[in-house]
Structure formats: structure tokens, C-alpha cells
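All ligand and atom numbering here is 1-based and tracks the order in the structure.
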Amino acid sequence: MEFSITTLSPETAKAGCVVVGVHSPKELTPAARRLDQASRGALRKALADLPAKTGSTLLLRALPGVAAERVLLVSLGERKEYGEAQYRDAVRAAAAALRELGAKDAALFLVDGKVGSQHITWNVRHAVLGMRDALYRFDQLKTQKKAASPALERVVLPLSAKAPLEQALVEAQATADGIALAKTLGNLPPNVCTPAYLADEAKKLARQFKLGIDVLERADMQKLGMGALLAVTNGSHQPPKLIVLRYAGGPKSAKPVVLVGKGITFDTGGISLKPAGEMDEMKFDMSGAGSVLGAVRALAGMKAPVNVVGVIPTCENMPGGQATRPGDIVTTLSGQTVEILNTDAEGRLILCDALSYAARFDPDVVIDIATLTGACVVALGHVASGLFANDQKLADEIRAAADDAYDRVWQLPLWEDYQEGLRSNFADAANVGGRPGGAITAASFLHRFTRKYRWAHLDVAGTAWKSGREKGSTGRPVPLLVRYVLRHAGRK
Ligand code: BES
Ligand code: MN
Ligand code: ZN
């Protein structure tokens, strides 16, 4: 789908469908008013059939005096309640309605209204991201594809083209490509999306966008002494990989942002086996890795003036005769020893070695992204990702970027007091604390390996995918990561 910015009038636009907003009760936006005037009140007359609820839609055909064959009215709710969430709902609803009616091209007049205190560039970004999100489909493994109707090909955002808006458009389209990649990697089944598959995807990105790439194999990990990562992969027949992807779009002197993504392509729990219910969802346990590939793709795709390194430790967590046992003690790359009391707390084990490895890139900041704990889902539900940081300024920057991207986070503490929970009688630390504060003890475990640089940890266990009828990857937190890196480099 292609987006463009062009000045258009709603009544003369030759789009397949013109989309305009209406506030309740019956309060027309400027574009809707122009259509109403052009059609001598026909639009207003139809309003009785448009429900007040934000995101309700009503299709009008062949309005007199209007060039476009179809006009889609979208309810924006009450004007005084209209804000970011309502705008995003309206955009998604418009996308869904356009798909239903099989429109090939549309002019989206929703973008020109004021949304809260946001700049119009925000509207452009969220129009693109909202529509691409709503129209994403994963049906490559279904023999019967859904909806034979032609897909929406072109969307015009009717604004007067200016450099910052064009830049926002380019950034948003590249971000949407990155989100789609993260979603698809998450949605692919675990018998397809293996560690080797992720490494091949990274190699493809490297070729397409001229990125630097290294893939470390088991032997490399053994040489380096990544005892924790190696312990997790023991029970699996799939060889582990450590993927390093480098995008250098910024000045040589600028230290990179290093993104570290948990890439467990399937988490059975290992010998500490998970119960059967919903275990299939543990294919999404590589979502952190997917979000790193997605963010790198987005930033490279938009040619962002930034330096980013993606580091992805990836393997399976399986039971078996070779699998790590509860009670095993391993030596991590940092030299610290860890008593593995629960093999299901594997994310922190692969991450701790990857985080130690990240130091070699002389990072400006390191951010890890991981579907790390069920406890984080209990704490924050499916709305906010958990945020932890060893530097408050970094946490504040990430929080601001997350709000901007509407890919929100909530900070949890990382006080030293929590280290007590990880005490082991036999090693430097245990890999689990008790049930209390499970997301925090997990973060505190990682904190032991990130003392040498500015670091933040995003626990996306509750936000990276949806369960139930709408089961599927969300692509989060790609929007946040891209926004953070751009803002950090001085882009608005
Ligand atoms: N991948 C899971 C975390 C998870 C669980 C994400 C459920 C989303 C939904 C992680 O590897 C895990 O198993 N964590 C354990 C940690 C525990 C053993 C300390 C958990 O959360 O139960
Ligand atoms: Mn686990
Ligand atoms: Zn896991």
C-alpha cells in the first residue's frame, strides 16, 4: 500500500472513496461540511444512520455534487473527548471499512484535524501506522486465502506537502514495514521460525539494506564462554545462533544504540516443563528478536542518520536427555556463576550473555527487549510494557518516545534490595527469585550484567502478542524503538 501527501478538496477528489470524520452529535468536520455543501445537505440528512460510537462508519454512494463515487463517514465521537486514542480508532475503523468495500484507493480526510496537542506530523505517522496495522494479514499458511476483493493500493493524505510531513510519511512507512516483519516472524510457527530461520532473515536484511552481519555459531559461543546461553539450548536439536546486525547511518564518531532481543523460538520451559494450556503461544517467545529485526529494518529503510547494532541470542528451550537440569550451575560470559533453579527462566540466561557481549560495541545505550515474565503480564496487563533502567534520564527518554508512539511503557523499580531474592547458596546468583515481584527480580538478574553502560530493559510479555480469537503478534515495541532511536538522534 502506497501513501502520498497531496492537497485535495473532498468534493472534487477523484479517489475511489473519500473518508471524512463527523463528531457526535452531528457536528461536521471541515471536510464533511464541504461535502455537505457540495451535495446540498445530502450528507447531513444521512447522519441519522451513523452511530455515535467512535469508529462507527457509514458508506454513502453517488452523493450529488461530489466527484468521488463513495464517501465514507467515520464517527469521531464527541469533540471534547477527541484525542489520540479516538483518532487511532477512527483510522483503523476507516481501514477496515475500506477493506470490506474493496476500495482500491482512498483519500483520508481524517488526518487534517487537530488531535489533542499533537503536531500534524503525529497525525501522518499514526494514519500510516494505524492503517497498515489494521490491514495486516497473515494467511501465507492458509490454503484458502481470505477476501478475494482487491486490496487497498493507494491512500492520499490530503495535506499541503511540506518537508517535515514528507519525512514523517517516509519514516512511518518504513516503520510499518518493520512492524509487519516483526509480526510475521512472531506469527510463523516454531517449526518454521527456528534460530537458523531468524539468522537467514537477518542475512536477507543485510543484503537488502547493506548492513553488517555476523552470526556466531555454537562453537563460537563455546570459545567465548557463553555458558548461560549454551545451557538453554542443550535440550534442543536446533543449533543456537547469536546474530549481530549493524546499521551505520550516522556519523562514525556516534556511539551506537545496541538493541538486544530475546529469541527463544519455542519455550517449553525445558525440564521445568510448562503446563499444556496455551503452550503454543510460546512460539511468540522470540518477539524481542523480531522487534529488533523490525526496528533495524525500519531505521535502515528510512535511511535514518543513526548507528544501531542488533544483537539477537536465539535458541529453543526444550526438555530432553541433554537438557539442563534444575540445580545445574553454569559460568556466564561475564565470569559470574549462576545456579539454574528453574529452566523455564531461560530468557534471562540467554540475555545475560548477550548483554555482556554488547559491551564490545562501546554502546551509547543498550536496550533489551524480551517476553521475559508472566509476572509482568500480571502487573501491567496487555496495555503497557514493563520498563526498567539503570539511568533515569534514559528511562524518561524511553517513556516519552513510548507515549509519542502510543506504544506505552510503565516503569518499575530496579532497587538493589531486590537482589536479595536471587541469592544462591552455591553460586554467585540463582536465576529465579520467588513469585513476589517476578518481573522485577528478572530485571534485577539482568542488571547484574549491565553495570558498565546505560541500559534499559523492556518486558514485553504482555504486549508483544494477543491471545484468544485475535491471536497474533502485535509488532510491539517496534514503534517505540524506532521513535526512541530517532528522537535520541535529535529528530522530532
Ligand atoms: N517466556 C516466558 C514468559 C512468559 C510467560 C511470557 C507467559 C508470556 C506469557 C518466560 O521464559 C518464563 O517462562 N518465565 C517464567 C519465569 C519463572 C520461572 C520465574 C514465568 O514467567 O513463569
Ligand atoms: Mn520460560
Ligand atoms: Zn521464555
Side-chain angles (χ1 to χ4, degrees), residues 186 190 193 195 198 228-229 231-236 238 240 260-291 312-319 323-328 338-354 368-386 388 412 418 421-424 429-446 457-468 471-474 476-477:
C193 186
L198 287 177
L229 171 48
V232 176
T233 192
N234 274 347
S236 169
Q238 298 291 336
V260 180
K262 172 179 173 182
I264 295 291
T265 58
F266 196 73
D267 181 10
T268 65
I271 297 298
S272 312
L273 193 63
K274 287 182 181 296
E278 276 111 59
M279 203 207 272
D280 66 289
E281 295 192 6
M282 283 301 123
K283 72 172 182 175
F284 296 115
D285 212 19
M286 41 52 68
S287 297
S291 75
I312 296 172
T314 173
C315 67
E316 274 184 338
N317 186 21
M318 300 289 269
T324 293
R325 294 153 287 254
D328 282 2
V338 174
E339 184 184 15
I340 300 176
L341 289 177
N342 188 322
T343 62
D344 198 11
E346 84 298 340
R348 61 198 80 179
L349 293 173
I350 68 169
L351 286 170
C352 75
D353 281 343
D368 79 72
I369 305 97
T371 48
L372 203 61
T373 65
C376 192
V377 190
V378 173
L380 298 174
H382 303 287
V383 176
S385 304
F388 302 82
L412 294 166
Y418 287 102
L422 296 168
R423 223 184 54 81
S424 160
N431 76 328
V432 289
R435 273 169 53 85
I440 307 176
T441 46
S444 298
F445 179 87
L446 299 178
H457 159 59
L458 293 168
D459 192 331
V460 295
T463 53
W465 77 87
K466 288 185 183 149
S467 308
K471 191 190 288 183
S473 171
T474 61
R476 289 178 70 182

field: Selection from M282, E281, M286 by shortest heavy-atom distance to atom 7 (C) of ligand 1
entry: M282
- prompt: Within the distance-only criterion (no hydrogens, no angle test), does the side chain of S385 pair as donor or acceptor with the backbone N or O of V460 below 3.5 angstrom?
  reply: no
task: May I ask you to list the atoms of ligand 1 that are less than 4.0 angstrom from any heavy atom of K274?
output: 12 (C), 13 (O)
query: Under a 4.0 Å heavy-atom limit, does K262 contact ligand 1 with its side chain, its backbone, both, or neither?
result: side chain
- request: Show which atoms of ligand 1 fall inside a sub-4.0 Å distance from at least one heavy-atom site of V432.
  value: 19 (C)
Degrees at the Mn ion (ligand 2) between the O atom of D344 and the OE1 atom of E346, nearest 10°: 70°
query: Would I264 count as a contact for the Zn ion (ligand 3), in the sense that one of its N, O or S atoms lies under 2.8 Å from it?
result: no
- request: Run down the list D267, N342, D344, T463 and name the one with the heavy atom closest to atom 2 (C) of ligand 1.
  value: D267
- prompt: Are any non-hydrogen side-chain atoms of L229 and L349 less than 4.5 angstrom apart?
  reply: no
task: Pick whichever of G374, A442, G270 has a heavy atom sitting closest to atom 4 (C) of ligand 1.
output: G374
message: Quick one, T371 and S287 - any side-chain contact, counting heavy atoms below 4.5 Å?
response: yes
task: For T371, take its heavy atoms, then give the atoms of ligand 1 lying under 4.0 Å from any of them.
output: 1 (N), 2 (C), 3 (C)
query: Tell me, which N, O or S atom in D285 is closest to the Zn ion (ligand 3)?
result: OD2
task: Determine whether L446 and L372 make a side-chain contact, defined as any pair of heavy atoms from C-beta on separated by less than 4.5 Å.
output: yes
query: Looking at the Mn ion (ligand 2), which N/O/S atom of D267 is the nearest one?
result: OD2
message: Consider side chain to side chain contact (heavy atoms under 4.5 Å, CB included). Of I271, I340, D344, which one does P326 pass it with?
response: I271
- request: Please find the N/O/S atom of D267 nearest to the Zn ion (ligand 3) and write down its name.
  value: OD2
message: Does only the side chain of L372 get under 4.0 Å from ligand 1, or the backbone, or both, or neither? Count heavy atoms.
response: backbone
message: Nearest 0.5 Å, please: how far is CG in D459 from SG in C376?
response: 3.5 Å
task: State whether K262 and E346 are salt-bridged, where the test is any N-O pair (Lys NZ or Arg NE/NH1/NH2 against Asp/Glu carboxylate O) under 4.0 Å.
output: yes
query: Would one find an N or O of R348, backbone or side chain, under 3.5 Å from an N or O of ligand 1?
result: no
statement: Looking at E346, the N, O or S atom sitting nearest the Zn ion (ligand 3) is OE2
message: Could you check whether any side-chain heavy atom of V338 comes within less than 4.5 Å of a side-chain heavy atom of F445, counting everything from C-beta outward?
response: yes
- line: So CG of D285 and CH2 of W465: to nearest 0.5 Å the spacing works out to 6.0 Å
query: By number and element, which atoms of ligand 1 are closer than 4.0 Å to a non-hydrogen atom of A461?
result: 6 (C), 8 (C)
- line: Ranked by distance from atom 8 (C) of ligand 1, the top protein heavy atom is W465 CH2, 3.3 Å
- prompt: When you check the gap from the basic side-chain N to the acidic O, do D267 and K283 get nearer than 4.0 Å?
  reply: no
- prompt: Hey, are the side chains of V232 and T324 touching, using non-hydrogen atoms and a 4.5 Å cut-off?
  reply: no
- prompt: Which bit of R435 is near ligand 1, meaning a heavy atom under 4.0 Å away: side chain, backbone, both or neither?
  reply: neither
message: So, taking the atom named OG in S467 and the one named CD in E278, what distance separates them when rounded to the nearest 0.5 Å?
response: 6.5 Å
message: If the cut-off is 4.0 Å to any non-hydrogen atom of E346, which atoms of ligand 1 fall inside it?
response: 11 (O)
field: Nearest neighbour in protein (non-hydrogen) for atom 1 (N) of ligand 1
entry: D285 OD1, 2.9 Å
